[in-house]
Every structure is written in C-alpha cells, then in structure tokens.
Chemist: 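Below is the structure I would like to discuss, written out as structure tokens.
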Amino acid sequence: MTRLLIVGPPGAGKGTQAAIIADTFGIPAISTGDIFRANIKEETELGLKIQEIVSSGGYVPDSLTNEIVRDRLQQQDAVDGFLLDGYPRTVDQVSELDSILAETGAELDAVVRLVADPDEVVARLLKRASEQGRADDTEEVIRHRQDVYLDQTEPVIAAYAERGLVVDVDGLGAVDDVAARVRDALAARGITVAV
Ligand SMILES: Nc1ncnc2c1ncn2[C@@H]1O[C@H](COP(=O)(O)OP(=O)(O)O)[C@@H](O)[C@H]1O
Ligand SMILES: [Mg+2]
C-alpha cells in the first residue's frame with residue numbers, strides 16, 4: 001500500500017530511479033512521459049494531438065494529461081499502490097490527483113525529490129540524446145523544458161512541501177548510490193517494503 005511520487009528537473013534520473021523503487025516496493029511505475037511517447041510512436045489519436053507539444057518541450061494540456069492518469073490509476077494493478085513519475089507537473093494536476101485519491105480515501109506516502117544541478121543534467125540529457133535519440137533532447141529544447149519546469153512544476157513541489165511530504169535526495173552519482181539514498185530516505189520516514 002505504498003503511494004509515491006517522484007519529482008525533479010528534466011534529466012534528474014526520475015525514470016531510472018522510478019523503475020528501481022517500483023521494483024523494490026512491488027508497485028507499478030507510471031510515467032506520463034512514457035505513456036505520451038508510446039502514443040506518439042503508435043500514432044494514436046492522442047499521439048497525433050500531442051506530438052508537436054512534446055517534441056518542443058512544452059506541457060501537454062492538463063485536461064488530456066489528467067484523463068490519462070485517472071484511467072491509469074483506476075486499473076487493477078494501481079489500486080493498492082503506485083509510483084507516479086512526471087505527474088503532477090502543474091498545480092491543476094495536483095488538484096486532480098487529490099480528487100482521484102479522495103474518491104477511494106487513498107493518501108500519498110511521500111514525494112521523492114531528486115535534486116540535481118541544471119548544468120549536470122543538461123550534460124546527461126545530451127548524452128541520452130546521442131544514445132536514444134529522443135526528439136526533445138536537443139540543447140535548446142532541454143533549456144526550454146528546464147524553464148517550463150521552474151515555472152510550472154516548482155509550485156507543485158512547494159505545495160507538497162507544505163504538506164510535509166517532500167523527501168529530498170541528492171540525484172548525483174552512480175545509479176545504485178542514488179537508489180540507496182532513496183531507500184534510506186524513505187526508510188527514515190517509516191516507508192519500507194511490507195513483508
Ligand atoms: N504531467 C505532465 N503534464 C504535461 N505534460 C507532460 C506531463 N508528463 C509528461 N509530459 C510531456 O512529456 C514530455 C517528457 O516527459 P518526461 O519523460 O517525464 O521528461 P523528463 O523525465 O525528461 O523530465 C514533457 O516534456 C511533456 O511534454
Ligand atoms: Mg523521464
């Protein structure tokens with residue numbers, strides 16, 4: 001019954017850590033970015049609608065994003081716990097998630113914030129671009145994504161910080177080291193794997 005969010009700037013390593021945390025806790029990792037990219041690749045109706053926005057580094061409209069997440073969280077595997085990566089990213093999305101959870105009386109356990117230096121993350125993203133060729137990993141688009149993040153998503157983190165839910169973790173260093181820090185930081189708040 002663990003419900004977590006993972007937040008942090010583009011390139012902080014959310015997707016990588018999300019997979020490890022989800023595996024540890026036996027919960028699904030749900031990434032809006034991955035869902036959107038899959039739709040773009042499959043050229044679904046949604047994919048065609050959002051292709052331009054995603055490749056230019058803007059945010060998909062809240063109405064579309066909220067609907068996708070609502071549907072996903074109602075699937076059976078997410079009923080007892082989940083890790084959301086990349087959502088909520090706007091204050092409107094925070095309200096929507098509050099509503100979705102309130103409908104079943106569920107509550108978030110923690111918001112893991114990966115802290116990373118902007119220049120370091122740009123270097124990481126450019127490396128990923130050369131390896132995976134993501135359309136939104138050019139330097140210009142990365143800088144734009146960072147700006148959008150500061151403008152739209154910092155207020156999201158502030159809202160969760162006010163609720164006392166944010167757990168800061170240093171996102172720099174080797175994947176395993178960061179994963180160990182996340183595990184320790186959650187354990188320090190009594191969030192451990194149920195056995
Ligand atoms: N919650 C969201 N609201 C709006 N747009 C989103 C959301 N999640 C993902 N996106 C879109 O998908 C893109 C890639 O997301 P993601 O893979 O999470 O990026 P990263 O992990 O590099 O920060 C975003 O730049 C945005 O266009
Ligand atoms: Mg990601």
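In this text the structure is predicted, and so the values were computed from the model without any measurement. Each ligand, and each atom within it, is numbered from 1 in the order the structure gives.
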Chemist: More than 12 non-hydrogen atoms from neighbouring residues, nucleotides or ligands closer than 6.0 Å to CD on Glu42, yes or no?
Modeler: no
Chemist: Quick one: does Thr90's side chain have a donor or acceptor within less than 3.5 Å of a partner on Gln152's backbone?
Modeler: no
Chemist: Please output the side-chain donor-acceptor pairs of residues 20-32 that fall under 3.5 Å, not counting sequence neighbours, one pair per line with the distance.
Modeler:
{"from": "Thr24", "atom 1": "OG1", "to": "Ile20", "atom 2": "O", "distance (Å)": "2.8"}
{"from": "Ser31", "atom 1": "OG", "to": "Gly33", "atom 2": "N", "distance (Å)": "3.4"}
{"from": "Ser31", "atom 1": "OG", "to": "Asp34", "atom 2": "N", "distance (Å)": "2.9"}
{"from": "Thr32", "atom 1": "OG1", "to": "Gly86", "atom 2": "O", "distance (Å)": "2.9"}

Chemist: Among pairs that include at least one residue of residues 103-118, which meet side-chain hydrogen bond (donor to acceptor under 3.5 Å, both in side chains), considering only residues two or more places apart or in two chains?
Modeler: Arg70-Glu103, Arg113-Asp168
Chemist: Taking Asp136 as the fixed residue, which of Ile142, Leu125, Ile53, Val141 is the one that meets the side chain to side chain contact (heavy atoms under 4.5 Å, CB included) rule?
Modeler: Val141
Chemist: Could you list, one pair per line, each nitrogen or oxygen of ligand 1 together with any protein nitrogen or oxygen closer than 3.5 Å, giving atom names and the distance rounded to 0.1 Å?
Modeler:
{"from": "ligand 1", "atom 1": "1 (N)", "to": "Gly86", "atom 2": "O", "distance (Å)": "2.8"}
{"from": "ligand 1", "atom 1": "1 (N)", "to": "Gln93", "atom 2": "OE1", "distance (Å)": "2.9"}
{"from": "ligand 1", "atom 1": "3 (N)", "to": "Gln93", "atom 2": "NE2", "distance (Å)": "2.9"}
{"from": "ligand 1", "atom 1": "5 (N)", "to": "Val60", "atom 2": "N", "distance (Å)": "3.0"}
{"from": "ligand 1", "atom 1": "8 (N)", "to": "Thr32", "atom 2": "OG1", "distance (Å)": "2.7"}
{"from": "ligand 1", "atom 1": "8 (N)", "to": "Gly86", "atom 2": "O", "distance (Å)": "3.3"}
{"from": "ligand 1", "atom 1": "8 (N)", "to": "Arg89", "atom 2": "NH1", "distance (Å)": "2.8"}
{"from": "ligand 1", "atom 1": "17 (O)", "to": "Arg37", "atom 2": "NH1", "distance (Å)": "2.9"}
{"from": "ligand 1", "atom 1": "17 (O)", "to": "Arg37", "atom 2": "NH2", "distance (Å)": "2.9"}
{"from": "ligand 1", "atom 1": "17 (O)", "to": "Arg134", "atom 2": "NH1", "distance (Å)": "3.4"}
{"from": "ligand 1", "atom 1": "18 (O)", "to": "Arg89", "atom 2": "NH1", "distance (Å)": "3.2"}
{"from": "ligand 1", "atom 1": "18 (O)", "to": "Arg89", "atom 2": "NH2", "distance (Å)": "3.2"}
{"from": "ligand 1", "atom 1": "19 (O)", "to": "Arg89", "atom 2": "NH2", "distance (Å)": "3.4"}
{"from": "ligand 1", "atom 1": "22 (O)", "to": "Arg128", "atom 2": "NH2", "distance (Å)": "3.4"}
{"from": "ligand 1", "atom 1": "22 (O)", "to": "Arg134", "atom 2": "NH2", "distance (Å)": "3.4"}
{"from": "ligand 1", "atom 1": "22 (O)", "to": "Arg145", "atom 2": "NH2", "distance (Å)": "2.6"}
{"from": "ligand 1", "atom 1": "23 (O)", "to": "Lys14", "atom 2": "NZ", "distance (Å)": "3.2"}
{"from": "ligand 1", "atom 1": "23 (O)", "to": "Arg89", "atom 2": "NH2", "distance (Å)": "3.1"}
{"from": "ligand 1", "atom 1": "27 (O)", "to": "Gly58", "atom 2": "O", "distance (Å)": "2.5"}

Chemist: Run the side-chain donor-acceptor check on residues 156-167: report pairs under 3.5 Å with partners two or more places apart or on a different chain.
Modeler:
{"from": "Arg163", "atom 1": "NH1", "to": "Asp98", "atom 2": "OD1", "distance (Å)": "3.0"}
{"from": "Arg163", "atom 1": "NH2", "to": "Asp98", "atom 2": "OD2", "distance (Å)": "2.8"}

